[in-house]
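Have a look at the structure below, then the notes.
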Amino acid sequence: MSFERIKPHLPWITLLVLVLVVGAADSNFLRPANLISMMADIVPLFIMALGMTFAIYIGGIDLSAQSIANMTTVVATIALPTFGIGAALLCILSGVVLGSISGYVTTRLYVPSFISTLAVGGIAFSAAQYMSGQRALFMDATLRDSTFGWMTGSVAGLPSELIIAAVLVLGAWFLQSRTTFGRALKAVGAGEPAAVASGLNVNRIKIMAFALSGGLAAIAGLLFSVKLSGGSPTLANGFLLPAIVAVLVGGTPLTGGVGGVINTLIGTLIVAVIRSSMLYFEVDATQQQMVFGLILIAAIALTIDRTKLRVVK
């Protein structure tokens, strides 16, 4: 059997192998309560990666997601006393607007997405610093629980974070697989010139993809803020690289056109198991980013479609 035939199945095979290896090293890892707790902890990262999937699916990249999530934690903390539940809408709107700006700069000004999103991320970070006065902010616990307590509670013994993640992934899957917009995303990722020739409004599709990425990054930031009861310009730092790894190791390559949100779900679970295994095997925290960097290189090498690349710069 050739590698090309095995390649689409690598993500779930990798996940199964990792679970068995870590489970063999520590039997407590396979306890249902531990697995549920691990998945609940990874939900904000998954939501960030879910949004980034749309940007990568069309052959782009979104480097602003972490900064948008950070800014959202500050916006949520500041807006909660005044707007209540409306603070959530304000957070999501701010993420969508910043994502749309990234898409506009990429499509209308012809700036590569890694530059446009990096710049927008810098704007979001500066805005978060300005609004927070460059310090950590804290939510009123009573107000937080009365407004957003449902986000961190439990339903039928399951953490609410998992239910939120399930709703978002089902919505994203439906959007990708069962709508005209989803088919347009795949067409743009598979071959943009052909998509243009077929009459698709490629610029609008790209802007919408980046807007989705920004909006989901904002939801991740909102969940961060509620879970940690506050906001800071650096609260979500350290999540950008694992989010990219989750998308790529799940089987959505940088060249776009294949993979999608279910692949990202598998990729995020792989990241969750890797993070847990580093704790079990006592890998120093300062070395964990190095591990994710190596995994990122391996994921790109294994998933990228080289038929779309004549020259690598």
Side-chain angles (χ1 to χ4, degrees), residues 44-80 82-83 86-139 202-226 228 230-247 254 289 296:
L45 172 63
F46 168 64
I47 296 172
M48 187 184 297
L50 187 65
M52 198 176 294
T53 303
F54 289 100
I56 295 178
Y57 194 56
I58 61 170
I61 188 73
D62 187 356
L63 301 181
S64 68
Q66 178 178 279
S67 296
I68 290 175
N70 278 327
M71 186 196 74
T72 303
T73 68
V74 175
V75 172
T77 305
I78 293 174
L80 178 59
T82 303
F83 296 98
L89 297 176
L90 186 62
C91 290
I92 296 171
L93 180 61
S94 64
V96 169
V97 168
L98 287 172
S100 299
I101 291 172
S102 294
Y104 182 87
V105 171
T106 298
T107 57
R108 303 296 185 182
L109 303 182
Y110 302 100
V111 177
S113 59
F114 79 93
I115 293 295
S116 64
T117 56
L118 190 63
V120 168
I123 293 170
F125 176 68
S126 296
Q129 283 190 309
Y130 175 77
M131 288 186 291
S132 67
Q134 302 186 44
R135 58 188 176 86
L137 304 176
F138 299 95
M139 283 184 176
V202 171
N203 286 347
R204 184 175 64 185
I205 293 165
K206 283 185 169 183
I207 291 172
M208 291 174 68
F210 282 105
L212 277 170
S213 182
L216 285 164
I219 294 175
L222 176 62
L223 188 54
F224 271 126
S225 185
V226 173
L228 300 176
S232 164
T234 59
L235 195 64
N237 278 7
F239 278 78
L240 180 62
L241 186 57
I244 296 173
V245 168
V247 178
L254 284 174
Q289 287 293 88
L296 179 60

Minimum side-chain heavy-atom gap Ile244-Leu63 below 4.5 Å: yes
Going from OG on Ser64 to CG on Leu98, what distance comes out if it is rounded to the nearest 0.5 angstrom? 7.0 Å
Taking the six-membered ring for Trp, are the ring centroids of Phe239 and Phe224 within less than 6.0 Å of each other? yes
Which atoms form the tightest heavy-atom contact between Ala243 and Ala49, and what is the distance? O-CB, 3.7 Å
Distance col, row Leu216:CG vs Phe54:CZ, nearest 0.5 angstrom, shows 7.0 Å
For Ser132 and Ala128, work out which heavy atoms get closest and say how close. OG-O, 2.8 Å
Indicate yes or no for a side-chain donor-acceptor contact from Ser225 to the backbone of Gly221 under 3.5 Å, with no hydrogens or angles considered. no
Distance check, rounded to the nearest 0.5 Å: Ser213 atom OG versus Met48 atom CE? 9.5 Å
Mind jotting down which residue pairs meet the salt bridge (Lys or Arg N to Asp or Glu O under 4.0 Å) criterion with at least one end in residues 202-224? Sequence neighbours excluded, please. Glu192-Lys206
For Ala79 against Ala87, the heavy-atom pair lying closest together: CB-CB, 3.8 Å
Which residue pairs pass the side-chain hydrogen bond (donor to acceptor under 3.5 Å, both in side chains) test with at least one member in residues 88-108, sequence neighbours excluded? Thr106-Ser116
Say you draw a straight line from CD of Gln66 to CE of Met52; how long is it, rounded to the nearest 0.5 Å? 8.5 Å
Thr53 side, atom OG1; Ile58 side, atom CD1 - distance, nearest 0.5 Å: 12.0 Å
By the definition side-chain contact (heavy atoms from CB on, under 4.5 Å), identify the one residue from Leu80, Leu90, Ile68, Leu93 that meets it with Val75. Leu90
Rounded distance (nearest 0.5 Å) linking atom OG of Ser232 with atom CD of Gln129: 9.0 Å
Taking the side chain as every heavy atom from C-beta outward, state whether Leu137 and Met131 have any atom pair closer than 4.5 Å. no
So, applying side-chain contact (heavy atoms from CB on, under 4.5 Å) with Leu235, which one of Thr77, Asn70, Thr72 is it? Asn70
pair Phe125-Thr234: side-chain heavy atoms closer than 4.5 Å: yes
